[in-house]
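Take a look at the structure below.
Residues take their numbers from the sequence shown, with the count starting at 1.
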Amino acid sequence: MFEKTGEDYLRWYYDTQIWKQIYYRGVRTLKSVSDLWNYQEIICERKVEWVLEMGTRHGGATLFFADLLTAENAPGQVISVDCAPQLDEKVKHHPKIIFLQGDSTSPEVVTKVVSCLPPLSERGRLFLILDSDHGKQHVLKELMVYVPLLKTGDYLVVEDTCINGHPVRPDFGPGPMEAVQEFIQSNPSLLIYDVVREQKFGFTFAPSGFYIKANAQG
């Protein structure tokens, strides 16, 4: 019997577009189910209080994060940013969600994001997920803008590093994976690669995309 590897399964999951048929409470998520499960484990285990999400689209994952913060009695909220959202009503009216429309790297949006967060010394743990425009330059700019806002112990996931041949959509062109590689090369001491967490379920839409913010000394 042929035994599929994690990469084989990722190709099947992605190419059959099963991920486009995943819903949370009736709202489209556009995620891998195992990635979502991994995220909730990270948020619970690390006692995350705030979620900063770049890329909302329909808002299924946004709603998932907001419900999780509510269930954990976290004092923070989900701050979600998107240029052209298609928000479900459940997302629009959730008390734990702050939605900001615009380019995630524009000075105006960055200023609004910062204004929504408590001062660094008073803020609890934060989970940052980058899942908006997948072009390399945009993701690289997001990393340069938002990683400096993280404090020691905060968590970062860069989604869709699997595209541009890693292993899907080889024709995409430089994307999130290439942005991560360049950022890490330029900032080798800022982030700790959480390979154990990344490999927990055998495949992920975010290969080489799971990180913990290092301490100030690296």
Side-chain angles (χ1 to χ4, degrees), residues 4 6-46 48-74 76-102 104 126-135 138-139 142 155-164 166-169 172 175-176 197-207 209-210:
K4 285 186 178 293
E7 186 171 299
D8 290 328
Y9 186 70
L10 193 159
R11 289 177 188 274
W12 172 84
Y13 199 102
Y14 197 96
D15 292 344
T16 57
Q17 300 193 344
I18 293 297
W19 57 280
K20 291 186 178 182
Q21 302 170 44
I22 304 300
Y23 295 80
Y24 174 71
R25 290 218 285 134
V27 185
R28 205 176 188 194
T29 66
L30 301 175
K31 297 272 193 247
S32 153
V33 173
S34 57
D35 280 341
L36 285 172
W37 193 265
N38 220 350
Y39 300 160
Q40 67 85 18
E41 287 191 356
I42 292 167
I43 288 168
C44 292
E45 290 173 12
R46 303 188 68 82
V48 167
E49 296 182 359
W50 291 83
V51 174
L52 185 50
E53 177 189 45
M54 300 300 142
T56 317
R57 198 58 180 274
H58 304 284
T62 317
L63 185 63
F64 176 82
F65 293 136
D67 284 351
L68 186 56
L69 292 186
T70 300
E72 291 297 300
N73 294 312
Q77 293 178 282
V78 179
I79 304 170
S80 190
V81 180
D82 200 291
C83 282
Q86 302 173 37
L87 297 182
D88 186 275
E89 290 300 313
K90 294 174 186 172
V91 181
K92 291 180 182 179
H93 303 296
H94 198 295
K96 276 287 187 184
I97 296 172
I98 299 171
F99 176 71
L100 303 175
Q101 186 164 356
S104 59
L126 182 145
F127 179 87
L128 168 63
I129 181 166
L130 305 184
D131 189 23
S132 58
D133 182 326
H134 297 324
H138 183 82
V139 178
E142 285 183 327
Y155 210 95
L156 164 70
V157 171
V158 183
E159 282 235 349
D160 290 290
T161 46
C162 60
I163 63 175
N164 197 37
H166 309 291
V168 300
R169 296 190 66 184
F172 183 85
R197 170 61 66 181
E198 177 182 308
Q199 294 179 351
K200 179 167 185 176
F201 295 106
F203 91 108
T204 176
F205 278 9
F210 288 68

Atom [atom1] in [X], atom [atom2] in [Y]: separation rounded to 0.5 Å?
X   : Y   : atom1 : atom2 : result
K92 : L63 : NZ    : CG    : 13.5 Å
E45 : I42 : CD    : CD1   : 8.0 Å
Y23 : L30 : OH    : CG    : 8.5 Å

Is R25 salt-bridged to D88, going by a charged N under 4.0 Å from an acidic O? no

Apply side chain to side chain donor-acceptor pair (under 3.5 Å) to N164 and H134, showing your working. CA-CA 10 Å; N164 197 37; H134 297 324; over 6 Å; no

Can you name the closest pair of heavy atoms from F203 and G6 and give their distance? CB-O, 3.5 Å

Decide side-chain contact (heavy atoms from CB on, under 4.5 Å) for C44 and L68; before the verdict, give the C-alpha distance in whole Å, the side-chain angles of both, and the deciding distance to 0.1 Å. CA-CA 8 Å; C44 292; L68 186 56; 3.9 Å; yes

Please lay out, stage by stage, how Y13 and V168 fare under the test side-chain contact (heavy atoms from CB on, under 4.5 Å). CA-CA 10 Å; Y13 199 102; V168 300; over 6 Å; no

Within the structure provided, determine whether [X] and [Y] are in side-chain contact (heavy-atom separation under 4.5 Å).
X    : Y    : result
K31  : I129 : yes
E49  : E72  : no
K200 : F210 : no

Regarding E198 and T204, is there a side-chain donor-to-acceptor distance under 3.5 Å anywhere? no

Which of H94, K90, E53 passes side-chain hydrogen bond (donor to acceptor under 3.5 Å, both in side chains) with T62? It is E53

Check whether [X] reaches the backbone of [Y] with its side chain - one donor and one acceptor, N or O, closer than 3.5 Å.
X    : Y    : result
K96  : A74  : yes
E159 : L130 : no
D82  : A84  : yes
Q77  : P95  : yes
T29  : I22  : yes

Check step by step if side chain to side chain donor-acceptor pair (under 3.5 Å) holds for H138 and S132. CA-CA 9 Å; H138 183 82; S132 58; 3.3 Å; yes

For W19 together with Y14, are the ring centres under 6.0 Å from each other? yes

When the aromatic ring centroids of F64 and Y39 are compared, is their separation below 6.0 Å? no

Parallel under 30°, tilted from 30 to 60°, perpendicular over 60°: which one fits the rings of F65 and F127? tilted

